[in-house]
Amino acid sequence: MSVPGLDVVPDSVCLQQGREFPLDDVVVLNREGPYEWAVERQVKRTLEIARSSDPWRKTIRQCVQSLESFGGEMDADRHRLGVTASGPSHGLEVLQSLAAYAAAQKGVDDLLRILPGLGQEHRRVWKHLAETVRDAFAESEAAPEQELVELSAFRIARRLVVQIEPTEQVSPRYPYLCALLSDRVLAAESRHDAAVAYRMIEALAQEWGPRAGVIDAAMLRTALQARGIVLRSDPPAGLQRAGASQQVRAVGELEPTDALRFEVHPALEMGGAPGALAVLPPYIARPASVDSELRREVAEAVDGSRLVMVVGGSSTGKT
């Protein structure tokens, strides 16, 4: 599943990685393609948007440090900055809106041109942002030029992802996340339900977070399996060796639903009646140079075994 601020599915989550990422509470990454996509996020109980507020000053100082380290990636929209807090909600909503306006502008001059028409609250938030950026620069060098301050504040604002989390004990996102676990992650034969799996993941985050954990899908899968969770991507029982005498089932004996255990992407329901689609998406032929080569390799392995490495991006049919 995607996360706020990251337009691709993450493949790893880093916790408390202050040596590499200034906003270090949670860093979500995707490193599968030619570029690294990242959202580094700072989590606060409350975040008052005011130059005199210590949490605000510290957060913007961290944003300036990220800009110095990842400025090129931020300008290319491959690296974003995240802030999560429960309130004050009005100020955070205005900051969220200002970030959206900044992201829609080509440059800082365009934002400054429309800023007067956005209202007093947007101008107030921009003023606190720019002044706090100035303070952050002044800590390490002489007073910066106004042009540099405004440009830096704009580069931060346009890549800022503001998430407002309610203060209730149970977040409204909880039922949604549990439904995702049930529908797409947990196998039917798992003896634990989505609520138990959610609590396990929460406990793992609390255990790994203070220790600068770096979690990828394989690590999380192993930890959940060790706690008795059966996942859809687990090999079918017939393929798991219980001992040397147990034989591995041939691929031809597997059912279509077994493909999901090898992480083949299921067909997605886009509205309509549930179950209207087959378990697997229809096969789309690739160029003859690809499919013919794969068929030849499979045919030559009928009476023996063969290792073939298939390389490609996500959802191109490797599995």
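Not measured: the values here are computed from a predicted model.
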Original post:
Any donor-acceptor pair under 3.5 Å linking the side chain of Thr132 with the backbone of Arg51?
Top reply: no
Original post:
What heavy-atom pair brings Val149 and Ala130 nearest, and what distance separates the two atoms?
Top reply: CG1-O, 3.2 Å
**OP:** Answer yes or no: is there a donor N or O on one side and an acceptor on the other, between the side chain of Asp110 and the main chain of Gly107, under 3.5 Å?
**Re:** yes
Original post:
Checking side chain to side chain contact (heavy atoms under 4.5 Å, CB included) for the pair Met309/Val311: CA distance, chi angles, key distance, verdict?
Top reply: CA-CA 6 Å; Met309 179 178 291; Val311 180; 4.0 Å; yes
**OP:** Please lay out, stage by stage, how Leu118 and Trp126 fare under the test side chain to side chain contact (heavy atoms under 4.5 Å, CB included).
**Re:** CA-CA 11 Å; Leu118 299 182; Trp126 171 257; over 6 Å; no
Original post:
Linking I/L/V/M/F/W/Y whenever their side-chain heavy atoms sit closer than 4.5 Å, directly or via other members, would Val161 and Val27 fall into one cluster?
Top reply: no
Original post:
Quick one: do Leu112 and Val125 end up in the same hydrophobic cluster if we chain Ile, Leu, Val, Met, Phe, Trp and Tyr together by side-chain heavy atoms under 4.5 Å apart?
Top reply: yes
Original post:
Do the side chain of Arg57 and the main chain of Ser52 share a donor and acceptor less than 3.5 angstrom apart?
Top reply: yes
Original post:
What residues form a side chain to side chain contact (heavy atoms under 4.5 Å, CB included) with Val26, not counting sequence neighbours?
Top reply: Val13, Leu15, Val28
Original post:
Between Met74 and Leu81, is any pair of side-chain heavy atoms under 4.5 Å apart?
Top reply: yes
Original post:
Say you draw a straight line from CG of Asp11 to CG of Asn30; how long is it, rounded to the nearest 0.5 Å?
Top reply: 4.5 Å
Original post:
Does a side-chain heavy-atom distance below 4.5 Å link Glu40 with His79?
Top reply: yes
Subject >> Minimal non-hydrogen separation, Val39 against Gly82, with atom names >> reply: CG1-N, 4.4 Å
Original post:
Would Asp75 and Arg155 satisfy salt bridge (charged side-chain N to carboxylate O under 4.0 Å, His left out), going step by step from the backbone distance to the final call?
Top reply: CA-CA 7 Å; Asp75 291 338; Arg155 294 172 71 195; 2.9 Å; yes
Original post:
How long is the span from the CG atom in Asp25 to the CZ atom in Arg41, to the nearest 0.5 Å?
Top reply: 10.0 Å
**OP:** Specify whether His122 and Tyr101 have parallel, tilted or perpendicular ring planes, treating 30° as the upper limit for parallel and 60° as the lower limit for perpendicular.
**Re:** perpendicular
Original post:
In Å, rounded to the nearest 0.5 Å, how long is the span from CD of Glu139 to CG of Asp135?
Top reply: 7.5 Å
Original post:
Within the distance-only criterion (no hydrogens, no angle test), does the side chain of Gln105 pair as donor or acceptor with the backbone N or O of Leu111 below 3.5 angstrom?
Top reply: no
**OP:** Please check if Val94 and Ile60 belong to a single hydrophobic cluster, counting links between Ile, Leu, Val, Met, Phe, Trp and Tyr side chain heavy atoms closer than 4.5 Å.
**Re:** yes
Original post:
What pair of heavy atoms forms the shortest contact from Ser89 to Ile164, and how long is it?
Top reply: O-CD1, 4.1 Å
**OP:** Report whether Val43 and Leu6 are members of the same hydrophobic cluster (ILVMFWY, side-chain heavy atoms less than 4.5 Å apart, transitive linking).
**Re:** no
Subject >> Validation row: Pro55, Thr46 side chains within 4.5 angstrom (heavy atoms) >> reply: no
Original post:
Counting heavy atoms not belonging to Glu293, are there more than 12 under 6.0 Å from its CD?
Top reply: yes
**OP:** Carefully, step by step, assess Phe154 and Leu129 under the rule side chain to side chain contact (heavy atoms under 4.5 Å, CB included).
**Re:** CA-CA 9 Å; Phe154 169 73; Leu129 173 60; over 6 Å; no
**OP:** Assess whether atom NZ of Lys58 is packed by more than 12 heavy atoms of other residues, nucleotides or ligands within 6.0 Å.
**Re:** no
Original post:
Nearest 0.5 Å, what's the CZ-CG distance between Phe137 and Leu67?
Top reply: 6.5 Å
**OP:** Determine whether more than 12 heavy atoms belonging to other residues, nucleotides or ligands lie under 6.0 Å from atom CD of Gln120.
**Re:** no
**OP:** Might you point out which heavy atoms bring Ile229 and Ala197 nearest each other, and give the distance in Å?
**Re:** CD1-CB, 4.1 Å
Original post:
OG/Ser66 to CZ/Arg61 distance, rounded to the nearest 0.5 angstrom?
Top reply: 12.5 Å
Subject >> Gln96 side chain near Leu92 side chain, heavy-atom distance below 4.5 Å >> reply: no
**OP:** Give a yes or no on this: more than 12 heavy atoms of other residues, nucleotides or ligands lie within 6.0 Å of atom CD of Glu300.
**Re:** yes
Original post:
Checking side chain to side chain contact (heavy atoms under 4.5 Å, CB included) for the pair Leu115/Leu98: CA distance, chi angles, key distance, verdict?
Top reply: CA-CA 9 Å; Leu115 189 60; Leu98 179 66; 4.1 Å; yes
Original post:
Rounded to the nearest 0.5 Å, how far does CD of Gln62 lie from CD1 of Ile156?
Top reply: 11.0 Å
Subject >> Qualifying salt bridge (charged side-chain N to carboxylate O under 4.0 Å, His left out) pairs, either residue in residues 78-99, two or more places apart >> reply: Asp7-Arg80, Glu73-Arg78, Asp77-Arg80
